[in-house]
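Here's the structure we're looking at; comments come further down.
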There are 2 protein chains.
Amino acid sequence: MARTQGSHSGITGPRVREAAVSLFAQHGYAAVSMRQIAGEVGVQAGALYNYTPDKQSLLFGLMRDHMQDVLAAYEQLEPAKDAQEALRQFVGFHIRYHLQRPDEVFIAYMELRNLTPENFAEIETLRRRYEDALEAILCRGQDSGQFSVADTKIATLAVIAMLNGVMTWYRAGGRLSLDEVELVYWDMIRKSVAA
Amino acid sequence: MARTQGSHSGITGPRVREAAVSLFAQHGYAAVSMRQIAGEVGVQAGALYNYTPDKQSLLFGLMRDHMQDVLAAYEQLEPAKDAQEALRQFVGFHIRYHLQRPDEVFIAYMELRNLTPENFAEIETLRRRYEDALEAILCRGQDSGQFSVADTKIATLAVIAMLNGVMTWYRAGGRLSLDEVELVYWDMIRKSVAA
DNA sequence: AGCATATCTGAACAGATGTTCAGATAGAAG
DNA sequence: CTTCTATCTGAACATCTGTTCAGATATGCT
């Protein structure tokens, strides 16, 4: 009757990651124990160590994979012709992608301080690549005279901060549809950088 | 020679709170132990319980006092005449006040999930009062035709999210002065809600 | 001077923490 | 059916957790 044993690597592995994502997002990395994660999966704590060398690596793996997924998804979009078009593309992509993976996104920017210095540096590099993509768009529009921002670096961070705010309140099936949300944000961002 | 004892309530009390603010902001509530806080103050862990009934109350007290301070400081500003003026005042106040207390602000929105439900509700009420102040400004400008936003509630959250982003990168003595930072953000926000 | 009180120490508590590992078990391979 | 191996259990480990409290100590008061 006891617990099932044997070969379940292909099943348990993903479930460990799913449980970790859900629990880390809900209570925070430091507040979640390996035993809680194991309990969610339906397994003893020791079994987790077949899938991660330690707790820190589990967190880091989740964050790194998420950032790489975001970058890969964004970079395979077909490049827009002009800056305005590219900015709209970025806004739409960011909102939709992030609302599809709220837990991963939440972890990726809430748990940075719980990474070891080396792991932190690696995540920051990936995040930086994403920010640079947006800054490149702003610079392009600035050069072409379509945009007018006092400082492209700050504008980049301001736009991303604004977009990230959507995750704090948006709930699927709420007052506004995804299309409406995207439109509202696009409207504000378009105007905020306009010449 | 040993540790000093006797009457130090007026000194130790604030130092406990300062240490807690600093450590919670740096590593997160769940990752900081009472012994670490005590060590920072130069006292044994048990002594902390002269100043807080428990760890949760310590966190809650810091967050509640911070939110009340923010509200009190904002509400004693003399009301601006028109909506545009009021928005500018809000932006300036928010940036300057928050950059003066980065740790408290950081805690106030990072540690919400570590509050008990009752404590969470109380903090949310205070936060809501602050957001409502901004939304009232946006509504005023919307009515007067100065502003044009698709949704005042979302615009409120978007503006605050954008402003909060300043704390993730601003460092005193950096590339830009406080005045410049305020100007850059005011420029973007003014345009983003403009008619 | 000595008394009273606020403050701190130091040890103790019950339980939780991340991690390890020998041994049990189930499915795959022959 | 047997053997092999990946997977999981269950117990153990050293250490850390928030919190309590009796006793020590210094300060303020008389």
Side-chain angles (χ1 to χ4, degrees), chain A residues 1-24 26-63 107 111 113-116 118-119, chain B residues 1-24 26-63 107 111 113-116 118-119:
Chain A
M1 266 310 76
R3 279 258 125 251
T4 62
Q5 289 185 332
S7 168
H8 291 285
S9 177
I11 296 178
T12 308
R15 290 193 59 200
V16 167
R17 295 170 62 90
E18 285 162 26
V21 164
S22 171
L23 288 170
F24 287 166
Q26 221 168 108
H27 308 107
Y29 171 78
V32 172
S33 72
M34 295 300 266
R35 282 172 182 81
Q36 283 178 60
I37 298 172
E40 189 92 353
V41 177
V43 104
Q44 294 297 315
L48 299 181
Y49 292 84
N50 289 317
Y51 304 97
T52 180
D54 48 46
K55 195 188 177 190
Q56 166 74 203
S57 302
L58 180 55
L59 173 65
F60 174 63
L62 294 175
M63 293 175 75
I107 292 170
E111 303 299 351
R113 59 185 169 182
N114 286 312
L115 292 172
T116 63
E118 308 84 45
N119 289 346
Chain B
M1 266 309 79
R3 277 258 126 250
T4 64
Q5 288 184 331
S7 167
H8 291 285
S9 177
I11 296 179
T12 309
R15 290 193 58 200
V16 167
R17 295 169 62 90
E18 286 163 25
V21 164
S22 171
L23 287 170
F24 287 167
Q26 221 167 106
H27 307 107
Y29 172 78
V32 172
S33 71
M34 294 301 265
R35 283 172 180 80
Q36 281 177 61
I37 298 172
E40 189 92 354
V41 177
V43 104
Q44 293 299 315
L48 299 182
Y49 291 84
N50 289 317
Y51 304 97
T52 181
D54 47 47
K55 193 188 178 190
Q56 166 73 202
S57 302
L58 180 56
L59 174 64
F60 173 62
L62 294 175
M63 293 175 76
I107 291 170
E111 303 297 350
R113 60 184 169 184
N114 286 312
L115 292 172
T116 63
E118 310 83 44
N119 290 345

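The basis for the numbers below is simple: all heavy atoms, side chains too, and nothing from hydrogens, waters or symmetry mates. Residue numbering restarts at 1 for every chain, and letters A, B, ... go by the order of the sequence lines.
Checking dG18(C), dC8(C), dC8(D) against the side-chain heavy atoms of M34(A) singles out dG18(C) as nearest. Distance from the side chain of Y49(A) is smallest to dT20(C) among dC8(C), dT20(C), dG18(D). Side-chain proximity of Q44(B) to dG10(D), dT9(C), dG18(C): nearest is dT9(C).
Across the protein-nucleic acid pair, K55(B) atom NZ and dT20(D) atom C1' stand 17 Å apart, rounded to whole Å. At whole-Å resolution of the value, CG in N50(B) and P in dT20(D) are 12 Å apart. Between L48(A) atom CG and dA6(D) atom C1' the separation is 16 Å, expressed in whole Å. In this structure, R15(B) atom CZ and dC8(C) atom P are separated by 10 Å, rounded to whole Å. Counting to the nearest Å, the P atom of dT17(C) and the CG atom of L23(A) are 12 Å from each other. We find that CD1 of I37(B) is positioned 11 Å from P of dT17(D), with the value rounded to whole Å. Summarising the geometry, the separation between CG on L59(A) and C1' on dG18(C) is reported as 15 Å, rounded to the nearest angstrom. Taking atom CD1 on I11(A) and atom P on dA6(D), their separation rounds to 17 Å, with Å as the unit.
Going from atom CZ of R35(A) over to atom CG of L48(A) covers 10.0 Å, rounded to the nearest 0.5 Å. The line from CD1 of I107(B) to CE of M63(B) is 8.0 Å long, rounded to the nearest 0.5 Å. For the atom pair CG of L58(A) and OH of Y49(A), the computed distance is 9.0 Å after rounding to the nearest 0.5 Å. Considering CG of N114(B) and CG of N119(B), their distance stands at 11.5 Å, rounded to 0.5 Å.
Taking the nucleotide of DNA chain D with the nearest heavy atom to each of A45(A) and R35(A), the more 5' of the two is matched to A45(A). Each of Q36(A) and G46(A) has a nearest nucleotide on DNA chain C; the 5'-most of these lies closest to Q36(A).
Across all strands, V32(B) comes closer than 4.0 Å only to sugar-phosphate atoms, never to a base (heavy-atom distances).
Residues satisfying the salt bridge (charged side-chain N to carboxylate O under 4.0 Å, His left out) criterion with R113(B), sequence neighbours excluded, are E111(A).
Put simply, Y51(A) has a side-chain N or O that comes within less than 4.0 Å of OP1 or OP2 on dC8(D). Between S33(A) and dT17(C), a side-chain N or O to OP1/OP2 separation shorter than 4.0 Å is present.
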